[in-house]
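Small disclaimer: the values here were computed from a predicted structure and weren't measured. All chains are named by letter (A, B, ...) in the order of the sequence lines, taking the proteins before the strands, and each is independently numbered beginning at 1.
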Number of protein chains: 2
Amino acid sequence: MDTVRPFSQVLDRLRSAGLRPTRQRMALAKLLFDEGGRHITAEMLHAEAQAESIRVSLATVYNTLHQFTQAGLLREIVVDSQRSYFDSNTTRHHHFFNEQTNELADIPDEMIDIAKVPSAPAGMKIKQVDVIIRVGNL
Amino acid sequence: MDTVRPFSQVLDRLRSAGLRPTRQRMALAKLLFDEGGRHITAEMLHAEAQAESIRVSLATVYNTLHQFTQAGLLREIVVDSQRSYFDSNTTRHHHFFNEQTNELADIPDEMIDIAKVPSAPAGMKIKQVDVIIRVGNL
DNA sequence: GTGTTTGCAAAGTGTTTGCAATTTA
DNA sequence: TAAATTGCAAACACTTTGCAAACAC
């Protein structure tokens with residue numbers, strides 16, 4: 001029942017990704033990983049940081065999100081051609097996307113059963129299977 | 001084996017969508033629907049039109065793509081947070097997305113078997129189920 | 001000290017918008 | 001001729017970049 005993610009764990013995550021644990025990265029990592037399964041855009045994360053009086057530029061938020069994604073700490077979810085969403089849950093799962101509110105919600109992997117998947121075209125390899133269920137008002 | 005889409009059919013499509021069959025819309029509709037299952041961006045369609053000496057502004061291409069989508073003649077496919085793709089095949093099917101070449105390929109509906117789908121959150125309705133298989137080099 | 005990271009402002013990219021001129025019915 | 005549509009250029013939203021100052025080791 002230990003859901004707390006101690007400071008050192010964030011630190012280790014950054015270290016093992018080869019990223020220096022700077023003040024900004026530590027603070028953003030805390031916001032992203034202290035609670036699981038966050039779906040967040042750069043603007044949202046920047047606003048959250050500001051709300052907690054963490055001084056970070058928007059440019060650094062963008063850089064950090066990409067660095068974390070490259071390091072496998074985040075997963076980018078493409079649901080909206082206007083903005084990029086990042087998911088702090090990198091395990092296999094899928095998403096609901098509410099087109100009215102622009103909100104993402106997780107669908108646990110076991111809730112979707114893809115019985116048959118075509119193989120990738122010749123010379124290609126499947127990198128990821130994304131299932132996005134778009135929902136809206138009745 | 002009649003795969004030709006006569007002029008009048010394009011005309012009727014526009015008419016029944018409540019869209020006046022202007023020169024631009026007719027020409028773009030021809031490009032979009034004369035061959036099935038096209039995956040195209042606004043810039044791509046604009047370039048094609050220019051290549052065929054059809055004079056249309058990029059703004060009109062954007063407007064037209066959205067009008068056609070609203071009319072159910074096109075389907076927007078969100079795979080890339082940088083640009084919008086439109087699919088001239090509006091029947092149920094899914095997609096491969098090649099992240100190296102930024103190209104989409106159809107996956108016929110019967111090639112994917114989604115045996116179990118969670119129901120939409122309360123008060124919500126499933127609008128669409130998108131399966132995107134991201135592929136890349138081996 | 002040396003190389004990395006940050007913040008700023010400027011530039012970039014894809015898309016939308018306001019409005020006068022044109023076209024359609 | 002009334003209403004819809006077009007094209008242009010300007011505006012927009014989101015994202016990236018160049019570079020000097022600040023920071024981590």
Okay, side chain of [X], backbone of [Y]: is any donor-acceptor separation there less than 3.5 Å?
| X | Y | answer |
| --- | --- | --- |
| A/Q100 | A/N137 | yes |
| B/K116 | A/E110 | yes |
| A/S16 | A/D12 | yes |
| A/R23 | A/R55 | yes |

So is A/R13 actually on top of A/F33's ring, under 6.0 Å and inside 45° of the axis?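 The answer is yes; both the distance and angle limits are met.
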Within 45° cone of A/F86 ring axis and under 6.0 Å: A/R75 NZ or CZ: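 Not flagged: A/R75 not positioned over aromatic ring of A/F86.
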With a 3.5 Å cut-off and no angle check, do the side chains of [X] and [Y] form a donor-acceptor pair?
| X | Y | value |
| --- | --- | --- |
| B/H39 | B/N89 | no |
| A/H95 | A/D130 | no |
| B/E76 | B/S84 | yes |

Pick the nucleotide of DNA chain C nearest each of B/A42 and A/R55; which residue has the one closer to the 5' end?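 Its nucleotide being nearer the 5' end, the pick is A/R55.
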Does B/Q70 CD have over 12 foreign heavy atoms under 6.0 Å away?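 No - once you tally the heavy atoms of other residues, nucleotides and ligands closer than 6.0 Å, there are 12 at most.
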Tell me, which of residues 60-90 of chain B have any heavy atom that sits under 4.0 Å from an atom in DNA chain D?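 Nucleic-acid contacts, sorted: B/T60.
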A/D106 and its side chain to side chain contact (heavy atoms under 4.5 Å, CB included) partner, picked from A/H94, A/M111, A/H93: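 The option that passes is A/H93.
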How close or far is atom [atom2] of [N] from atom [atom1] of [X], stated in whole angstroms?
| X | N | atom1 | atom2 | value |
| --- | --- | --- | --- | --- |
| B/L19 | D/dT5 | CG | C1' | 11 Å |
| B/H46 | C/dT15 | NE2 | C1' | 14 Å |
| A/L58 | D/dC14 | CG | P | 10 Å |
| B/L45 | C/dG14 | CG | P | 15 Å |
| B/I40 | C/dT15 | CD1 | P | 13 Å |

Counting a pair only when it is Watson-Crick or G-U and both distances are under 3.5 Å, which runs of at least 3 such pairs involve DNA chain D?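 Stems (3+ consecutive pairs) listed as C:1-25 with D:1-25.
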Report yes if at least one side-chain N or O of B/R25 is closer than 4.0 Å to OP1 or OP2 of D/dT5; otherwise report no.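 So the side chain of B/R25 is within the cut-off, an N or O lying under 4.0 Å from OP1 or OP2 of D/dT5.
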Nucleotide N/O of nucleotides 20-25 of chain C paired with protein N/O under 3.5 Å:
unit_1 : atom_1 : unit_2 : atom_2 : d
C/dT24 : O2     : B/R20  : NH1    : 3.0

